[in-house]
**Student:** 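Pasting a structure below so you can have a look.
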Amino acid sequence: GKKNASKELVRKLKQAKQPREVSRLLEDDQGIVDAFVVSAAVSQLRRFGKPHEALAVFERAKARGLEPDVVVYNALISACEKFGQWEKALVIFNELQQRGLEPTVITYSAMISACEKSGQWE
């Protein structure tokens with residue numbers, strides 16, 4: 001069923017060799033929007049150095065009804081951290097809290113790292 005389709009898509013996303021492949025996989029599977037798929041896509045795009053695409057995947061998924069969990073937010077904050085986008089990381093962190101989600105150790109360490117990299121850590 002849908003759960004197996006999601007697992008299969010996550011497997012394919014993790015094997016993607018380039019950003020275009022990630023985009024294509026997401027377009028092919030219009031029906032599957034879950035936290036596992038979005039986290040996998042965001043993490044891959046981060047690896048490929050495509051933070052803007054990662055954010056776009058997240059926004060599209062939300063528009064299609066995804067209720068992001070803390071894992072999705074952590075993946076996004078890590079993407080922002082990797083590319084020194086501390087302001088965007090902060091926006092995402094605030095959204096996570098507004099949704100009533102509990103930040104984890106991973107969330108906080110990515111936030112601290114993002115701020116340190118940008119010299120914003122006070």
**Student:** Among residues at least two apart in sequence or on other chains, which ones pass side chain to side chain contact (heavy atoms under 4.5 Å, CB included) with Phe36?
**Tutor:** Ser6, Val10, Asp34

**Student:** Please enumerate all residues that pass side chain to side chain donor-acceptor pair (under 3.5 Å) together with Ser109, with sequence neighbours excluded.
**Tutor:** none

**Student:** What pairs with Gln15 under side chain to side chain donor-acceptor pair (under 3.5 Å), at least two apart in sequence or on another chain?
**Tutor:** Arg11

**Student:** Please, which pairs that meet salt bridge (Lys or Arg N to Asp or Glu O under 4.0 Å) have at least one residue in residues 75-89, sequence neighbours excluded?
**Tutor:** Glu81-Lys117

**Student:** Tell me every residue that passes salt bridge (Lys or Arg N to Asp or Glu O under 4.0 Å) with Arg99, counting only those two or more places apart in sequence or in another chain.
**Tutor:** Glu67, Glu95

**Student:** Hey, could you give me each pair passing ring-ring contact (aromatic ring centres under 6.0 Å, His included) that has a residue in residues 88-108? Not counting sequence neighbours.
**Tutor:** Phe93-Tyr108

**Student:** Using the salt bridge (Lys or Arg N to Asp or Glu O under 4.0 Å) criterion, which residues pair with Glu59? Sequence neighbours excluded.
**Tutor:** Lys62

**Student:** Going by the rule side chain to side chain contact (heavy atoms under 4.5 Å, CB included), which residues pair with Ala110 if we only count those two or more places apart in sequence or in a different chain?
**Tutor:** Ile77, Ser78

**Student:** Partners of Phe48 by ring pair (Phe, Tyr, Trp, His ring centres under 6.0 Å), sequence neighbours excluded?
**Tutor:** none

**Student:** The criterion is side chain to side chain donor-acceptor pair (under 3.5 Å); which residues satisfy it with Gln44, sequence neighbours excluded?
**Tutor:** Arg47

**Student:** Check side chain to side chain donor-acceptor pair (under 3.5 Å) between Glu21 and all other residues, then give those that pass, not counting sequence neighbours.
**Tutor:** none

**Student:** According to ring-ring contact (aromatic ring centres under 6.0 Å, His included), does anything in residues 6-28 pair up with another residue at least two apart or in another chain? List the pairs.
**Tutor:** none

**Student:** Find the distance between CG (Asn94) and CD (Gln98) and round it off to the nearest 0.5 Å.
**Tutor:** 6.0 Å

